[in-house]
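Protein chains get the first letters and strands the later ones, always in sequence-line order, with residue 1 at the start of each.
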Protein chains: 2
Amino acid sequence: MNAALQGAFRALADPTRRDILMHLSARDMTIAEVADHFSITRAAVKKHLTVLEEGRLISVRTEGRERINHLEPVGLKPVADWVNYFDRYWDDRLLGLQRAVKDHERKNDD
Amino acid sequence: MNAALQGAFRALADPTRRDILMHLSARDMTIAEVADHFSITRAAVKKHLTVLEEGRLISVRTEGRERINHLEPVGLKPVADWVNYFDRYWDDRLLGLQRAVKDHERKNDD
DNA sequence: TTAACATAATACCAGATGGTATCATGTCAA
DNA sequence: TTGACATGATACCATCTGGTATTATGTTAA
């Protein structure tokens, strides 16, 4: 059970949360600042931020009465690694190469 | 709005479904063959396969009474693209470069 | 033709999820 | 000190989700 992978994938499953990450890639933001970009309540945004934090995709620091949310891009690395495992299957150049190999094998079988 | 991305991310959020994709990357399989690798019912596996199909991560062809599930790795491309957008933020070499640039700027500010 | 087989379809359940509303707490500034 | 402000905490709701069990349909092979 890869907890880091599951936490990250779970967090990424919601479009609002993916959108939040995009906003945070521009700059750190308080909850209120994040919420300004959406039409849902701050409480709902706060829940999304909690899920993102659990997935290690953001970190949070408190400054006075503000809670500042910061992108943690390294949390995406497990996801990138998992997805890129399949590169070999969709990469056009590799697919072409595979076809060439198969053709070659077929010729030798004849 | 981006249906392909959402369908794929939604499908990938469940660990069983990610596991199924790994199995299907080895070879095509019927529902029963996929189910052999898990301790849940075939009906539950079938539901997962439906979600994977909706996310365009697999395709299905019927042969007689069998339903053969086939990996569609290209469906992962939108996900790979989305995740790789953040490469610039976690790539160690780039982070090192950013730090160097900041140091340089700080020196000039003094 | 008929029995075994692979899958489809449906109904149902418990718990997770995304949302709201409301009230409490801590912090800043006049 | 006190009011405005940013967030935290809690309770609640409808819907989605992952699972089960059961029954139905189509297919193969004896």
Side-chain angles (χ1 to χ4, degrees), chain A residues 1-24 27-71 79, chain B residues 1-24 27-71 79:
Chain A
M1 339 158 172
N2 191 334
L5 191 66
Q6 178 54 24
F9 263 121
R10 184 220 168 191
L12 294 176
D14 186 277
T16 300
R17 288 195 288 266
R18 291 196 304 275
D19 226 12
I20 290 176
L21 289 185
M22 283 295 182
H23 287 301
L24 290 181
R27 60 181 179 84
D28 293 356
M29 297 173 97
T30 65
I31 295 179
E33 285 172 333
V34 173
D36 279 347
H37 295 93
F38 300 92
S39 56
I40 57 180
T41 62
R42 287 177 191 189
V45 169
K46 165 69 159 44
K47 281 193 183 182
H48 283 308
L49 290 168
T50 299
V51 174
L52 288 168
E53 194 183 4
E54 286 169 353
R56 314 286 167 133
L57 300 179
I58 68 171
S59 61
V60 179
R61 71 176 186 279
T62 302
E63 284 189 4
R65 62 181 164 181
E66 293 186 333
R67 206 184 111 115
I68 296 172
N69 301 277
H70 169 76
L71 182 69
V79 174
Chain B
M1 311 270 164
N2 193 336
L5 190 65
Q6 178 53 25
F9 263 121
R10 186 223 167 188
L12 293 176
D14 185 276
T16 300
R17 287 195 289 266
R18 292 197 302 276
D19 226 13
I20 290 175
L21 289 184
M22 284 293 182
H23 287 300
L24 290 181
R27 61 182 180 83
D28 292 357
M29 298 173 97
T30 64
I31 295 179
E33 285 171 333
V34 173
D36 280 346
H37 295 93
F38 301 93
S39 54
I40 57 180
T41 61
R42 286 177 191 189
V45 169
K46 165 69 159 44
K47 280 192 183 182
H48 283 308
L49 290 168
T50 299
V51 174
L52 286 168
E53 194 183 4
E54 286 169 353
R56 312 289 167 130
L57 300 180
I58 68 171
S59 62
V60 178
R61 70 177 186 279
T62 302
E63 284 189 6
R65 62 180 163 182
E66 294 184 334
R67 206 184 113 116
I68 295 171
N69 301 277
H70 170 76
L71 182 69
V79 174

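- Separating the NE2 atom in A/His48 from the CG atom in A/Asn69 is a distance of 13.0 Å, to the nearest 0.5 Å.
- Taking atom CE of residue B/Met29 and atom P of nucleotide C/dA6, one finds them 14 Å apart after rounding to whole Å.
- Taken to the nearest 0.5 Å, the OG atom of B/Ser59 stands 7.5 Å off from the CG atom of B/Asp28.
- Residue A/Leu24 holds its CG atom at 7.0 Å from CG of A/Leu49, rounded to the nearest 0.5 Å.
- Atom CD in A/Glu63 sits roughly 14 Å away from atom C1' in C/dC28 (whole-Å rounding).
- Between the CD1 atom of B/Ile31 and the P atom of C/dT7 there is a distance of 5 Å, given to the nearest Å.
- From A/Lys47, atom NZ reaches atom CG of A/Leu52 across 14.5 Å, with rounding to the nearest 0.5 Å.
- We find that CD of A/Glu33 is positioned 14 Å from C1' of D/dC5, with the value rounded to whole Å.
- Side-chain nitrogen and oxygen atoms of B/Arg67 include none within less than 4.0 Å of the OP1 or OP2 phosphate oxygen of C/dA6.
- Distance check, rounded to the nearest 0.5 Å: CG of B/Leu71 to CE of B/Met22 gives 10.0 Å.
- Rounding to whole angstrom units, CZ of residue A/Phe38 and C1' of C/dT20 are separated by 18 Å.
- In this entry the distance linking CD1 of A/Ile68 with C1' of C/dT27 reads 14 Å, nearest Å.
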Can you list, pair by pair, the side-chain donor-acceptor contacts under 3.5 Å of residues 32-46 of chain B, counting residues two or more places apart and other chains?
from, atom 1, to, atom 2, distance (Å)
B/Glu33, OE1, B/Thr30, N, 2.9
B/His37, ND1, B/Glu33, O, 3.2
B/Thr41, OG1, B/Ala44, N, 3.2

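- Counting only heavy atoms from C-beta on, A/Thr30 has its side chain closest to D/dT7 among D/dT27, C/dT7, D/dT7.
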Heavy-atom protein contacts under 4.0 Å, nucleotides 13-23 of chain D, coded B base, S sugar-phosphate only, - none: ----SSBBB--
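- Spacing between atom CD of A/Glu66 and atom P of D/dA4 amounts to 19 Å, rounded to whole angstrom units.
- Taken from OG1 in A/Thr50 to CZ in A/Arg17, the straight-line distance is 10.0 Å, to the nearest 0.5 Å.
- One N or O donor and one acceptor, one from the side chain of B/Arg65 and one from the base of C/dC5, sit under 3.5 Å apart.
- Put simply, CD on A/Glu54 is 11 Å from P on C/dG18, counting in whole angstrom units.
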